[in-house]
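For reference, the structure is listed below as structure tokens.
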Amino acid sequence: QKEVEQDPGPLSVPEGAIVSLNCTYSNSAFQYFMWYRQYSRKGPELLMYTYSSGNKEDGRFTAQVDKSSKYISLFIRDSQPSDSATYLCAISLRSYGQNFVFGPGTRLSVLP
Amino acid sequence: GAGVSQSPSNKVTEKGKDVELRCDPISGHTALYWYRQRLGQGLEFLIYFQGNSAPDKSGLPSDRFSAERTGESVSTLTIQRTQQEDSAVYLCASSQYTLLGGGSTDTQYFGPGTRLTVL
């Protein structure tokens with residue numbers, strides 16, 4: 001079983017839709033959960049960061065962590081064409097160092 | 001300010017040749033990471049430098065791979081005797097350990113990557 005699993009998509013939605021992106025993980029010891037956005041031919045950029053369980057909201061983005069189910073989600077409200085990118089989840093045992101495990105990414109297209 | 005830069009942006013080489021990839025981190029960032037990203041796969045950790053500590057090389061896939069960093073500045077990743085399976089995007093990230101609401105974190109800032117193609 002892979003440490004982190006993520007549906008690779010592609011996922012296409014109309015502009016204004018609510019998008020739900022998800023990852024599951026296998027190791028219950030993971031404590032740090034992140035979502036990165038990667039535009040084509042660019043490096044990933046940190047979008048959301050959550051420590052332990054719970055929800056975190058930042059503008060149109062909401063990150064949720066359910067440690068009991070080992071499931072993390074990223075919701076995008078009022079999606080825009082500029083949100084079209086690949087979204088990677090990342091999890092870690094510690095907040096630093098080599099422990100970051102990345103999912104393969106979900107490619108999202110928001111159609112105008 | 002300037003972000004992480006990597007060079008070259010693209011590299012095409014023949015099987016068996018050596019290649020050298022360069023990363024210029026954000027000034028003042030003590031940590032530097034190298035990752036490999038194969039098509040349709042997640043980022044694969046290769047090596048981690050933190051200040052003057054010995055680097056964590058646990059992710060290097062074979063002894064053909066090596067990396068160096070001069071102090072807290074430029075890093076080079078060298079792949080010797082390249083193989084076709086080495087074809088991937090090689091990403092570099094730098095970070096400065098910071099406190100971030102609810103805990104501390106090591107926010108990584110990524111460069112654009114070097115796309116390596118081994119023919």
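Here is how names work: the chains are called A, B, and so on, in the same order as the sequence lines, proteins then strands, and each is numbered from 1.
- Contact of B:L91 with chain A is made through the side chain alone, with heavy-atom distances under 4.5 Å.
- For B:R115, the part lying near chain A is the side chain, with the backbone staying farther off; criterion is any non-hydrogen pair under 4.5 Å.
- With chain B as the partner, the residue from A:G43, A:G105, A:G103 showing the most heavy-atom pairs under 4.5 Å is A:G43.
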(message) Go through it in stages, so that I can follow the logic: the residues are A:V19 and A:D83, the test is side chain to side chain contact (heavy atoms under 4.5 Å, CB included), and I'd like the CA-CA distance, side-chain angles, deciding distance and then a yes or no.
(response) CA-CA 10 Å; A:V19 177; A:D83 295 329; over 6 Å; no
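- A side-chain N or O of A:T62 and one of A:R77 form a donor-acceptor pair less than 3.5 Å apart.
- With a threshold of 4.5 angstrom between heavy atoms, A:Q6 does not approach chain B through any atom at all.
- Open room surrounds CD on B:E68; 12 or fewer heavy atoms of other groups in view lie less than 6.0 Å from it.
- In this structure, A:Y25 has its ring center under 6.0 Å from that of A:F33.
- Only the side chain of B:Q37 comes within contact range of chain A, with heavy atoms under 4.5 Å apart.
- Hydrophobic clustering places A:L47 together with A:V110 (ILVMFWY residues linked when any side-chain heavy atoms are closer than 4.5 Å, directly or through intermediates).
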